[in-house]
Amino acid sequence: MVFAAPGEALTRAEELLGADPSPLHASVAHQVIGIWQRDFGDTRLALAHLRRARDLAARAESAEREADVLATLGVALVHAGRTRAGLEAFERGVARGSGHTRARVLYRRAYVWWVLGRHGEALEDVRRAIPVLRQVDDVIWTARALTLRATVHLALGSVERADADFTAAEALWDTTGQEHDKADAVESRGLAAFRSGDVPAALRLLDEAAERYAKLGTPTFMLTIRRCEVLMAAGLTTEALAEADAAVAALDGIGGQSTRKAELLLVAARAARLAGEPQTSLARAAVAVRLFAGQRRTWYETHARLVLLEARVATGRGSGRLVADAAAVAERLAAFGAPAAPEASLLAGRIALDLGWTADAERHLAVAARSRHGGPPLARMTGWAAQALRARAAGSARGVLEACRRGLDVLDDHRMTLGASELRARATAQGAELAALAQRASLVSGGPRRLLGWSERWRATVLSAPPTRPPADPVLLTAMTAFRELAARAEEARSDGGRPAPALEREQRRLEREIRSRTLHMRGEAPDDGDRFDVRRLLRRLGDDVRLVELAVLDGRVQVLLCGQGRVRRFEAGLLADAEAEAEHVQAGLRRLAHPGAEARLPLVEAAGARLQHLLLGPAAAHLGSGPVVVVPPGRLHRVPWALLPALRERVLSVSPSASSWLRARDTSPPPGGRQVLVRGPGLATGGAEITDLVQRYGAARTPAAGGGYEAPLGVPASAVGAGSAFVAAGPVPGGGPTVLEEDAARVPRVLRELDGAALAHIAAHGTFRADSPLFSSLRMADGPLIVHDFERLDRSPYRIILPCCDTARFASVGADELLGLVTALLPLGTAGVVACTAPVNDAAAVPLMLALHKGLDAGLSLAEALRDARASLPDDAVHQATGWAFTAFGAA
């Protein structure tokens, strides 16, 4: 019962001890309490109860009882870090037990061998136990043994054998009431899905296991370890580090298992290294190595030493000693049959290369490169990275490019199994080294065209295909509705001058986690077979007048690729770090200029724009011609207000995440009918003043409303159509006027329905950017936030979208060179052009800019052309100038 209903088992054991039981029965009760404390509580208390259970079994003169308790005690001692004493307890247990009892002891010793990383001994003991357990029809223990054997197979990389054992165990669990073991089976299937490369399935199964454990009220430290491994593979490294550190703190708080603490520290060290925190990684890995060594867990200790070496290299250290240490770790991992062995060989080869030891590097890299032909995607990528480094050392640019191409193809296939755009974006970090190697090789030997091709190969890839549409999941839809309602109530509490209720905010955060979790479970479509980027096609589409400026970053310096007039030219500009710092200064200046009284800062901001131009365009600024310019910046420069740069200030200017994205936007046809949608959200400082004029411009008129009365243009008072009339600011009016949504009609379900497939949408609504969770960035509607996850449910987002409020063009830069945010969510869904702002703006000054923008659109101009003319029409004062610079046209519509 202690695994089926742990709390009830503990209570009944304590009641039994209070009833003056016989030594035999008291031994059982103390063993149950010991198991509960070992797995869910304090290991010191567990050892005390288990020793008492052992002594009582001896008093009862029951050899079988004593053998069973010794096995439980052995597991507890090993988890407490006392490995020698634990193995000695097992020796006595195997000797004391016979038949069925000995088989159970052997199963538990096999578990301990697995904990210690001694997989051969684990398989041997479980092989001896399973036939006996089956012979006596012990369903529960047979299922446990099969689950353990599958887990050992996974540790050795034998996914097919593991699947067979997991399937057999699950069939047995379905015949029992062992709820804890059933949850463990689901968790194990999640691990198997992860090892086979199916990250969405792994996340779904691990979340299901967590729900099952929660119902039982049991801690989930092993589940946390496995979930963190999956999160790291998905690129969610900061999240994995936070979860691992929180679990370590919780484990310390209850005096929990030393073995689990060491494993959690190892996971935390790996996550910190991948998250770019090498000092944190060093600290966690050093403690993990010390704990594993004390626990005699050589398999785990070797893995921790690998992370320790990787962290040392990440801090800038490189020495012959590190090469030797990495080589020794690689040899030990290979002897264990550990899948991580190629990573250690790659590390040794990389350090040797940096030291100029080409012969040593070749030896280690050749070993690592063997993994490129088999195994899960990330293991194959390790092999292709090693092969690319071998080719670079041999001076073969062709070999480098071929290895990089093959490695990135593997990652492409892996990314397309991920349905969530966030996972697709973050997974690209795995290919960053390959992309950088290819770009360097192109720069040296291939000329500007090849560099452009490789820059595009790994830029904004998440936009290359629409994300998988969220499933019609009633739980997900219910959670999103509840989240929206809670967010609206919290916002109302804040706007009323009161403090939002902490309970509301806690529930809102819980719903966010649930929505995000269920979204990450989505599987992707089949691997993308779309068109590869073609430089010749780009040059044909640009023609003689348009220039496309793609900025690539190699070794920290900006390389300007100027495309147009049938050729690609390369110019070298400044350092990326300097440009980022200057862009932050510009952002601060624009924030101040958004308020009257800061006119004196205008020359400073303009001077910063000139410095930015020097850093980002360099000599290329003098070769832009006189026609339109498309800028394709790297993700880390997404906050640059490009219209501020002197060479771009009076041009038709658009920005695109990639040249491929710009080509797709150019080729996107507007939907038939030219339907227009105007939305005004609540609480705007100007009341969305431009909407009233836009209604008149686009010819809205009164139309009958449901239930009598009339639908009226936005801004027309109720008295204008007579007493008793009903007003609904919604619905396309006869004669082709716009759909207008405001007040109660501007609710998320209705807004989404009207936006789907529209030709033009103007959404005047408060924007909120969430740096911590970019896909919860939102526009405020009458019933709460309209979030990025909502837009992903559209069949086709509007062809053109205008977002006049602050924070609508902010992004999070993730992965290799990806952007997550509101604008980038729209581009793969059918939107060809967006106007949004990259800096805070003055709301009143934005109104005339928006009206002038629509005037240009009404005259047949593109968004970029209309925005250029709209800026020129503004008053020549600091506030209006800054407002114009803050807005950017994205795409090509």
Check: Going through the distances and angles, do E229 and L191 end up as a side-chain contact (heavy atoms from CB on, under 4.5 Å)?
Finding: CA-CA 9 Å; E229 289 177 350; L191 179 62; 4.3 Å; yes
Flag, side chain of [X] to backbone of [Y], donor-acceptor distance under 3.5 Å:
X    : Y    : value
S62  : A58  : no
T43  : A46  : no
S188 : D184 : yes
T101 : G97  : no
T142 : D138 : yes
T176 : L172 : no

Can you name the nearest heavy-atom pair linking [X] to [Y], along with the distance?
X    : Y    : answer
A193 : L205 : CB-CD1, 4.3 Å
A129 : A103 : CB-O, 3.4 Å
E243 : T224 : O-CG2, 3.9 Å
L16  : P21  : O-CD, 3.3 Å
S281 : A272 : N-CB, 3.6 Å
I35  : T72  : CG1-CG2, 3.5 Å

Checklist line | Side chain proximity check, L291 to T259, heavy atoms < 4.5 angstrom | finding: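 Side-chain contact under 4.5 Å: no.
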Next item on the list: Check the pair T147, D165 against side-chain contact (heavy atoms from CB on, under 4.5 Å), reporting the backbone distance first and the verdict last.
Entry: CA-CA 6 Å; T147 301; D165 277 345; over 6 Å; no
Salt-bridge present ([X], [Y]; N to O < 4.0 Å):
X    : Y    : result
E277 : R273 : no
D325 : R305 : no
R227 : E239 : yes
R189 : E170 : yes

Could you check whether [Y] and [X], counting side-chain N and O atoms only, form a donor-acceptor pair closer than 3.5 Å?
X    : Y    : result
Q295 : S258 : yes
S517 : D207 : yes
R44  : Q37  : no
S27  : R65  : yes

Margin query: Between F40 and H180, does the ring pair (Phe, Tyr, Trp, His ring centres under 6.0 Å) criterion hold? Intermediate values first, please.
Written below: CA-CA 12 Å; F40 312 128; H180 189 278; 5.6 Å; yes
More than 12 heavy atoms of other residues, nucleotides or ligands under 6.0 Å from [atom1] of [X]: yes or no?
X    : atom1 : answer
D20  : CG    : no
R102 : CZ    : yes
H25  : NE2   : no
R516 : CZ    : yes

Margin query: Here's a test for you: under side-chain contact (heavy atoms from CB on, under 4.5 Å), which of T237, V199, L203 qualifies with L231?
Written below: L203
Next item on the list: Might you work through the side-chain contact (heavy atoms from CB on, under 4.5 Å) test for R332 and V329, ending with a clear yes or no?
Entry: CA-CA 5 Å; R332 285 198 292 271; V329 165; 3.8 Å; yes
Check: So D181 and W173, side-chain hydrogen bond (donor to acceptor under 3.5 Å, both in side chains) or not? Walk me through it.
Finding: CA-CA 8 Å; D181 285 308; W173 287 128; 6.0 Å; no
Check: Could you go step by step and tell me if S98 and E64 meet the side-chain contact (heavy atoms from CB on, under 4.5 Å) rule?
Finding: CA-CA 7 Å; S98 62; E64 301 300 306; 3.0 Å; yes
Margin query: Parallel, tilted or perpendicular, judged at 30° and 60°: which one describes the rings of W114 and Y111?
Written below: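 Correct class here is tilted.
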Next item on the list: Tell me whether the guanidinium CZ or amine NZ of R297 lies under 6.0 angstrom from the six-membered ring centre of Y300 and within 45° of its axis.
Entry: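 Positive - R297 is close enough to the ring of Y300 and near enough to its axis.
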Next item on the list: Assert yes or no for the condition that the ring centre distance of W299 to H119 is strictly below 6.0 Å.
Entry: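 Ring centroids of W299 and H119 are less than 6.0 Å from each other.
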